[in-house]
Amino acid sequence: MAKPPSVAIRSLHNVVNRYLRVTRPEAAEDISNGNVDVIVYLARHDNEEIFPQDIEQRFGVTRSTSCRVLGLMEQKGLIAREPVKRDARLKKIVLTDKSRHIAEVLRDNAKNMERILLEGLEDDQIRQFMHVLDVMQTNLVKTGLIGDESRYPSLEIQEQDASKSQVPQESQVPQKTCDDYASNNRDARDEYVSHVLRISQEMAIARNRK
């Protein structure tokens, strides 16, 4: 008897998880999973201004947790905080050369995993598979029961949003800064594998849209 779709998807995710762990590049071996996740996120939004509150929203963590994590990453030379010209009270988070290299090798590893993952599949099969996954995800997101929709990228939802004129909002000055908190506690939760899987899925979608 065939597995239920949810079980098959979970099994594939577990295999991808294990593969990424055993093939993790040497440059990222000494970096915690929580730090890697933040690095990948910042690399994907390299052309945007990212602030601590963006990290909190993306990973669903409290301000104090994000500040501890970012403080430790700054001490390790993985990130830097730079003032914003329009408002001296704001400090955006940027990657250092060290973490940019880590992001690059992780990206290469994800691309290689993607190539292996899709071996033996025709373009039409990949396109249909990605469409099915997107429909399944959209069905669950539309129930409104799983929280912030922006955390679960859906082509259908993204296309609906793109059709509406939206005015981007500037990040607001937080009531407290990261410097108000101690930066010597545990890192953020580990979402590395699920994040890289989403990257590989998006690469497949982009490739097959060309």
Side-chain angles (χ1 to χ4, degrees), residues 3-46 50 54-62 65-66 68-79 93 95-121 125-126 129-130 132-134 136-137 140 146-148 150-154 183-208:
K3 298 178 182 177
S6 59
V7 175
I9 292 170
R10 193 157 54 244
S11 296
L12 175 59
H13 181 271
N14 290 338
V15 171
V16 170
N17 186 331
R18 289 194 294 271
Y19 178 87
L20 290 173
R21 283 181 180 175
V22 300
T23 62
R24 186 165 177 168
E26 184 177 352
E29 281 187 356
D30 296 331
I31 309 299
S32 72
N33 289 328
N35 286 179
V36 165
D37 205 33
V38 173
I39 289 172
V40 172
Y41 172 74
L42 291 172
R44 293 184 65 205
H45 297 82
D46 196 37
I50 301 297
D54 297 314
I55 300 297
E56 296 159 22
Q57 293 173 4
R58 169 62 185 84
F59 301 110
V61 297
T62 63
T65 298
S66 71
R68 286 194 297 269
V69 172
L70 295 175
L72 285 172
M73 292 184 70
E74 192 170 20
Q75 290 177 16
K76 297 173 185 176
L78 297 174
I79 64 168
I93 306 167
L95 294 173
T96 61
D97 290 340
K98 177 180 179 180
S99 55
R100 288 182 187 280
H101 173 65
I102 292 172
E104 184 177 348
V105 295
L106 288 172
R107 189 181 302 114
D108 290 343
N109 191 43
K111 288 181 179 179
N112 185 57
M113 184 272 293
E114 177 75 14
R115 178 186 59 77
I116 296 171
L117 190 67
L118 300 178
E119 280 182 359
L121 296 175
Q125 291 176 309
I126 298 171
F129 175 67
M130 297 307 299
V132 171
L133 287 179
D134 188 65
M136 289 179 176
Q137 178 170 287
L140 293 179
I146 60 175
D148 183 10
S150 65
R151 294 190 60 199
Y152 307 95
S154 162
S183 60
N184 56 356
N185 212 319
R186 63 181 182 180
D187 290 343
R189 64 180 181 178
D190 176 14
E191 291 186 348
Y192 167 55
V193 173
S194 59
H195 190 71
V196 174
L197 179 58
R198 278 198 297 276
I199 294 174
S200 63
Q201 289 175 343
E202 290 167 5
M203 287 191 298
I205 294 171
R207 183 175 63 249
N208 287 293

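The first residue of the sequence shown is numbered 1, and numbering continues consecutively from there. The analysis underlying the following values was restricted to heavy atoms, covering all of them including side chains, and did not include hydrogens, waters or symmetry mates.
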Considering residues at least two apart in sequence or located in another chain, which fulfil the side chain to side chain donor-acceptor pair (under 3.5 Å) criterion with [X]?
{"X": "E29", "answer": "none"}
{"X": "S6", "answer": "none"}
{"X": "D46", "answer": "R100"}

(request) Tell me yes or no: between the side chains of R21 and N17, is some donor less than 3.5 Å from an acceptor? (result)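 Their side chains do contain a donor-acceptor pair, which is all the 3.5 Å distance test asks for.
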Does the side chain of [Y] come within less than 4.5 Å of [X]'s, by heavy atoms?
{"X": "L133", "Y": "I9", "answer": "yes"}
{"X": "M73", "Y": "V38", "answer": "yes"}
{"X": "D54", "Y": "H45", "answer": "no"}
{"X": "D97", "Y": "H101", "answer": "no"}
{"X": "N112", "Y": "D108", "answer": "no"}

For residues [X] and [Y], report the shortest heavy-atom separation together with the two atoms involved.
{"X": "V105", "Y": "A27", "value": "CG2-CB, 4.0 Å"}
{"X": "Q125", "Y": "G120", "value": "OE1-O, 4.1 Å"}
{"X": "P5", "Y": "M136", "value": "CB-CE, 3.8 Å"}
{"X": "S11", "Y": "K3", "value": "OG-NZ, 3.6 Å"}

(request) Check I50, V69, T65, D37 against I55 for a side chain to side chain contact (heavy atoms under 4.5 Å, CB included) and give me the one that passes. (result)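 Answer to the side chain to side chain contact (heavy atoms under 4.5 Å, CB included) test with I55 among I50, V69, T65, D37: I50.
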Working to the nearest 0.5 Å, report the span between [atom1] of [X] and [atom2] of [Y].
{"X": "E119", "Y": "L117", "atom1": "CD", "atom2": "CG", "answer": "9.5 Å"}
{"X": "K76", "Y": "D30", "atom1": "NZ", "atom2": "CG", "answer": "10.0 Å"}
{"X": "I39", "Y": "L78", "atom1": "CD1", "atom2": "CG", "answer": "4.5 Å"}
{"X": "T96", "Y": "E74", "atom1": "OG1", "atom2": "CD", "answer": "10.0 Å"}
{"X": "I126", "Y": "L121", "atom1": "CD1", "atom2": "CG", "answer": "5.5 Å"}
{"X": "M130", "Y": "L118", "atom1": "CE", "atom2": "CG", "answer": "8.5 Å"}

(request) May I ask you to decide if E56's main-chain N or O and S66's side chain share a donor-acceptor pair within less than 3.5 Å? (result)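 Not confirmed, S66 side chain does not pair with E56 backbone.
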